[in-house]
2 protein chains.
Amino acid sequence: MNRKVPGPTLMRLATYLTYLAELDAKGVDTISSAQMEDRTGINAAIFRKDLSYFGEFGKPGIGYGVHELSAKIAAILKVDREQGVLLVGAGNLGSAIVAYPGLRSRNFHIAAVFDNNYNKIGRKLWDLEILDIANVKEVNKQLGARIAILAIPASAAQEVAEMLVEADVRAILNFAPVTLRLSKHIAVRNADSVQELAVLSYHLSDQDA
Amino acid sequence: MNRKVPGPTLMRLATYLTYLAELDAKGVDTISSAQMEDRTGINAAIFRKDLSYFGEFGKPGIGYGVHELSAKIAAILKVDREQGVLLVGAGNLGSAIVAYPGLRSRNFHIAAVFDNNYNKIGRKLWDLEILDIANVKEVNKQLGARIAILAIPASAAQEVAEMLVEADVRAILNFAPVTLRLSKHIAVRNADSVQELAVLSYHLSDQDA
DNA sequence: TAGATTGTTAATCGATTAACAATC
DNA sequence: TAGATTGTTAATCGATTAACAATC
């Protein structure tokens with residue numbers, strides 16, 4: 001278990017897992033790195049290199065056992081067990097996140113929803129009661145979630161992120177368009193879709209735009 | 001206008017713009033690369049290097065004019081003009097996207113919403129009528145949108161993406177957990193948040209997970 | 001002029017990829 | 001054994017960063 005796994009490798013590992021789980025469900029037994037390239041669009045050499053950071057999972061001349069490799073990658077990413085997730089922000093995005101079946105199917109489980117709006121606190125978001133963000137530390141003593149999703153406006157994101165860290169959250173998926181400044185030990189990933197759209201916009205040719 | 005701008009540079013450009021627009025609104029006149037680093041967390045040398053792909057925007061000893069630089073970056077990313085966007089998928093995520101004010105404020109404008117579900121077609125998503133995805137080519141002849149957002153299940157994504165390309169869309173933001181296989185001339189960015197959560201999950205220490 | 005900060009160079013660091021010996 | 005495919009090496013490619021001459 002090498003310590004220095006490249007960031008892009010981790011993202012690709014998650015992609016491999018998506019496809020392997022699908023193949024496994026279909027009953028496919030074995031797959032080669034070249035066949036994976038056909039499906040994922042990721043170069044076969046990169047696929048093999050990515051796996052090599054974690055061990056040897058294939059058989060020369062044969063390929064990889066789909067079920068076995070799927071299980072191995074799930075274990076590497078720690079998605080082989082259920083992960084509790086705190087959701088902050090009971091707005092439209094928060095609502096879509098709670099309703100999204102893709103979370104459950106990949107072992108992520110929204111353990112609680114928080115907001116700071118007193119018109120929302122106490123009401124329900126789907127089947128979850130909306131809790132006061134002021135109580136997050138207290139609540140998470142019971143829940144023990146280590147991952148949180150920030151689905152709130154940029155103006156509140158830094159403050160709430162600090163509260164989450166206080167509540168023992170170690171990893172944050174941030175949908176707000178702001179750079180969180182937190183301890184280096186906290187893993188943060190940004191998911192600002194407007195930023196993604198801006199990059200796409202750049203790629204339009206001038207006659208298009 | 002160099003042809004070979006690194007991908008990470010484009011993402012950072014969008015980040016700079018977020019902060020510069022904010023500073024500009026606050027009436028800040030001038031900012032140095034070191035001050036930008038304080039705000040964005042992005043190294044000052046990288047900031048200057050990123051800009052250097054597009055020209056010289058600063059004054060030695062002084063820094064950068066906030067308003068001017070903001071306008072320049074907006075022009076580079078082509079977000080200085082309104083960009084029409086087709087949204088496919090009138091589910092919970094689609095609903096959150098239409099309602100998100102951050103799109104409008106950055107000049108992205110949802111021009112039409114499509115779905116393939118006959119229970120939804122003809123109904124409204126907020127103030128937009130849900131149109132039949134089968135008509136996307138026809139409809140976009142009028143609208144002329146070049147960007148689309150895919151907020152549909154993975155099983156339909158490839159097929160719909162091909163329809164979008166037929167309808168002259170050149171850039172796709174894909175929320176479905178699937179790798180789209182399209183012509184190299186089509187820009188695609190993936191925004192699979194479950195994949196992001198998996199990467200965060202990896203970073204949890206074993207005692208946490 | 002003195003102080004500050006740019007734009008760019010060059011060194012470093014890291015990731016991708018082709019090629020191939022090892023092995024099933 | 002012959003054919004296929006792995007895991008790894010080494011070459012290439014690309015991005016980050018420190019350092020500094022140029023310049024306001």
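In what follows, every chain begins at residue 1, and chains take the letters A, B, ... in the order their sequences are listed. These numbers come from a predicted model, not from an experiment.
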For this session: Counting heavy atoms from C-beta on, name the nucleotide in D:dA15, C:dA15, C:dT16 closest to the side chain of A:Pro6.
Result: C:dA15
For this session: Look through every strand shown and name the nucleotide pairing with D:dA11 as Watson-Crick or G-U wobble, where both distances are under 3.5 Å.
Result: C:dT16
For this session: Output yes when a side-chain donor or acceptor of B:Thr30 lies under 3.5 Å from a complementary backbone atom of B:Gly65, and no otherwise.
Result: no
Exercise. Strictly by modelled atom types, are B:Arg106 and B:Thr18 linked by a side-chain donor-acceptor pair under 3.5 Å?
Worked result: yes
Exercise. For B:Lys78, does its backbone N or O pair with a side-chain atom of B:Gln83 as donor and acceptor, under 3.5 Å?
Worked result: yes
Problem set entry | B:Arg48 with B:Glu56: basic N within carboxylate O range, under 4.0 Å | no
For this session: Enter the distance from B:Arg12:CZ to B:Thr40:OG1 here, rounded to the nearest 0.5 Å.
Result: 9.5 Å
Seminar exercise, completed: Between A:Ala45 and B:Asp50, whichever has its closest DNA chain D nucleotide further toward 5' is A:Ala45
For this session: Grab the CD-C1' distance between B:Glu37 and D:dT16 for me, whole Å please.
Result: 13 Å
Seminar exercise, completed: For D:dA22, the nucleotide meeting Watson-Crick or G-U wobble distances (both under 3.5 Å) is C:dT5
Problem set entry | B:Tyr53 OH to C:dT9 C1', straight-line distance once rounded to whole Å | 13 Å
For this session: Quick one: do A:Asp24 and A:Ser70 satisfy side chain to side chain donor-acceptor pair (under 3.5 Å)? Show the steps, please.
Result: CA-CA 8 Å; A:Asp24 191 24; A:Ser70 175; 4.8 Å; no
For this session: To the nearest Å, give me how far apart NZ (A:Lys49) and C1' (C:dT17) are.
Result: 10 Å
Exercise. Which part of the nucleic acid, if any, lies within reach of B:Phe47 when heavy atoms closer than 4.0 Å are counted: base, sugar-phosphate only, or nothing?
Worked result: nothing
For this session: Report yes if at least one side-chain N or O of B:Asn43 is closer than 4.0 Å to OP1 or OP2 of D:dA15; otherwise report no.
Result: no
Problem set entry | Between P of C:dT16 and CD1 of A:Ile42, the distance in whole Å | 10 Å
Exercise. Name the one of B:Val98, B:Ile97, B:Asn174, B:Leu86 that satisfies side chain to side chain contact (heavy atoms under 4.5 Å, CB included) with B:Ile149?
Worked result: B:Ile97
For this session: Report the distance from atom CG of A:Leu69 to atom P of D:dT6, rounded to the nearest whole Å.
Result: 11 Å
Exercise. In whole angstrom, what separates A:Leu51's CG from C:dT16's P?
Worked result: 14 Å
Exercise. Starting at CG of B:Leu13 and ending at P of D:dA15, how long is that distance when rounded to a whole Å?
Worked result: 14 Å
Exercise. Rounded to whole angstrom units, what separation is found between the CD atom of A:Glu68 and the C1' atom of D:dT6?
Worked result: 14 Å
Distances under 3.5 Å between protein N/O atoms and the N/O atoms of nucleotides 3-5 of chain D, please, pair by pair.
residue	atom	partner	partner atom	Å
D:dT5	O4'	A:Gly61	N	3.0
D:dT5	O2	A:Gly61	N	3.2

